[in-house]
Amino acid sequence: MKKAINPDCVGQDFDEFLAEEGLAAEVEARAIKKIVVALLMKSGKTQGELAEQLHTSRTQIRRLLDPANTSITLS
C-alpha cells in the first residue's frame with residue numbers, strides 16, 4: 001500500500017526537510033565520514049598510516065571515521 005504524499009512537502013528542498021526533522025547535522029557528518037574513507041581508500045593509505053601521520057592511534061581513526069558512530073563528530 002502506497003503512503004499518500006503530503007502536499008505541504010511537495011517542492012520542499014531536501015536540506016530543509018532534514019533540518020526540520022533535526023537530522024541535518026547527523027546526515028552531513030555521516031556523508032563527510034564516508035567521503036573521507038573513500039578518499040583514504042583511493043589514496044591507498046591505511047588507517048594506521050593516517051593515524052601515524054596525525055599522531056594518534058588507529059583505534060581513534062577507526063572510531064572517528066565510523067559513520068555509525070554519531071557521538072564523535074569531525075568538527
Side-chain angles (χ1 to χ4, degrees):
M1 179 196 283
K2 280 190 167 183
K3 186 176 179 182
I5 296 174
N6 181 347
D8 295 334
C9 295
V10 174
Q12 181 182 30
D13 183 83
F14 190 62
D15 290 334
E16 291 173 11
F17 168 77
L18 291 174
E20 286 176 11
E21 295 295 316
L23 299 171
E26 181 181 339
V27 170
E28 182 178 25
R30 284 178 183 241
I32 291 169
K33 289 178 180 189
K34 287 183 177 190
I35 291 168
V36 171
V37 169
L39 291 172
L40 183 64
M41 290 174 64
K42 185 177 180 180
S43 75
K45 191 174 285 193
T46 66
Q47 288 184 1
E49 291 168 333
L50 181 61
E52 187 175 313
Q53 188 176 11
L54 297 175
H55 307 288
T56 190
S57 69
R58 187 170 42 91
T59 302
Q60 291 288 45
I61 295 296
R62 188 172 54 246
R63 198 174 308 145
L64 178 71
L65 296 179
D66 179 2
N69 187 345
T70 57
S71 65
I72 298 174
T73 63
L74 296 175
S75 58

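Numbering of residues begins at 1 and proceeds along the displayed sequence.
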Look up atom CD in Glu52 and atom OG in Ser57, then write down how far apart they are to the nearest 0.5 Å.
12.5 Å
To the nearest 0.5 Å, how far apart are CG in Leu54 and CG in Leu64?
9.0 Å
Please report, to 0.1 Å, the donor-acceptor pairs under 3.5 Å made by any side chain of residues 14-22, with sequence neighbours excluded.
from, atom 1, to, atom 2, distance (Å)
Glu20, OE1, Gln12, NE2, 2.9
Glu20, OE2, Gln12, NE2, 3.1

With Lys45, which residues qualify under side chain to side chain contact (heavy atoms under 4.5 Å, CB included), at least two apart?
Leu40, Ser43, Glu49, Leu50, Gln53
So, the side chain of Lys34 versus the backbone of Ala29: is there a donor-acceptor pair under 3.5 Å, distance only?
no
Quick one, Lys33 with Arg30, criterion side-chain contact (heavy atoms from CB on, under 4.5 Å). Give me CA distance, side-chain angles, the key distance, then yes/no.
CA-CA 5 Å; Lys33 289 178 180 189; Arg30 284 178 183 241; 5.8 Å; no
Working to the nearest 0.5 Å, report the span between CD1 of Ile32 and CG of Leu65.
11.5 Å
Run the side chain to side chain donor-acceptor pair (under 3.5 Å) test against Arg62 and tell me which residues pass, sequence neighbours left out.
none
